[in-house]
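These notes are about the structure you will find just below.
As the structure lists them, so they are numbered: ligands from 1, and atoms in each ligand from 1.
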Amino acid sequence: MTTETAELDQIVSGLSAPQKRISSKYFYDERGSQLFDDITQLPEYYLTNTELGIMRNNIAEIAELVGKQASLIEFGSGSSLKTRILLEHLSELAAYVPVDISKDHLYASAQKIRNSFPHIDVLPVVADFTQEFALPKPMVMPVRNIVYFPGSTIGNFEHDTAVSLLRVMHHEAGKGGALLIGVDLQKDPAIIESAYNDSAGLTAEFNLNMLRHLNRNFGASFDIEKFAHYANYDQDEGRVVIKLVSQADQTFSVGDTEFDIADGETILTEYSHKYTLDGFAAMAHAAGFSVEKVWTDDESLFSVQFLTRQ
Ligand code: AVJ
């Protein structure tokens, strides 16, 4: 089966469930990635700037924990400013290995990193990082592997899949390895809700753009005008639930499959989990990690954590 048929099958099966669902990975076509970049600049979206501040304030200690001649393995393409801060401060890095499923995006951002850091051995790997993958051999033998997973992207995964993703990281880190990860924290629900219901309407655009992406790339027939953005923080579950709400009784198709959706019925497009420090530590533990160090901001909005293999 080609990747595309497999993906189409997955989309159709998600939309066939009682709670219709489309994976949040379909946010990120070219326009979606641009919209997400714009979201990170919004005053309400505290995550990115807070994480950046934590990195800047603690970079000497982070570099010290990483140590010399590590191989930095980033889960994701590595186009963020946070990655650049790390690369600027880690000494004698053996290699930088960004891992991403989207080849074009990965190679383009790897080239930009090479241009800025000509002394670093940049070895991009095209892979679905939710499954174990083979690491490239750097020119210099690394002392240890440090997996980097910024942005609280871990929050997109439900508990069991988050643990299995952490297990993949544990595997890729290898003996003596560690994980440096950005983790968003539970806090005043009003702060969280405004981050996902911004006044400029960018998050709504980002959410609706998923339907445009499916229309363009998977032969879907969504009428974008007839859906509305919804985001709500479920305090009991500790997660933001993001949906598209149908504004009418309507039908749409994806490939050859037709779907009915009622007025007010929803399509779940994303969970964004927020953690307590204890809750995250328990998850890390289940995957074989111990929390060695947690850095946070003055208001404890966000955390950057250094986990070592048990
Ligand atoms: C990239 C998954 C961390 O959950 O905050 C932003 C994605 N969704 N606004 C998040 C997102 C809506 C973001 N992550």
query = Closest non-hydrogen protein atom to atom 8 (N) of ligand 1, residue and atom name please, with distance?
reply = E270 OE1, 2.6 Å
ask   = Tell me: protein heavy atom nearest atom 4 (O) of ligand 1, and distance?
value = S272 OG, 2.7 Å
request  = Quick one: list whatever passes salt bridge (charged side-chain N to carboxylate O under 4.0 Å, His left out) with E61, sequence neighbours left out.
outcome  = K293
ask   = With A95, which residues qualify under side chain to side chain contact (heavy atoms under 4.5 Å, CB included), at least two apart?
value = S71, V97, D121, L123, P138
task = Give the single entry among V240, N156, D184 that approaches atom 2 (C) of ligand 1 most closely by any heavy atom.
result = N156
request  = Considering the heavy atoms of Y28, write down every atom of ligand 1 situated less than 4.0 Å from one of them.
outcome  = 1 (C), 7 (C)
query = Are the charged groups of K82 and E74 less than 4.0 angstrom apart, N to O?
reply = no
key: Top protein contact for atom 14 (N) of ligand 1, by heavy-atom distance   = Y45 OH, 4.1 Å
query = Taking everything shown except K187 itself, do over 12 heavy atoms lie less than 6.0 Å from its NZ?
reply = yes
ask   = Do the non-hydrogen side-chain atoms of V126 and I101 ever get within less than 4.5 Å of each other?
value = no
key: Taking atom 3 (C) of ligand 1 as the reference point, the nearest protein heavy atom with its distance   = G151 O, 3.0 Å
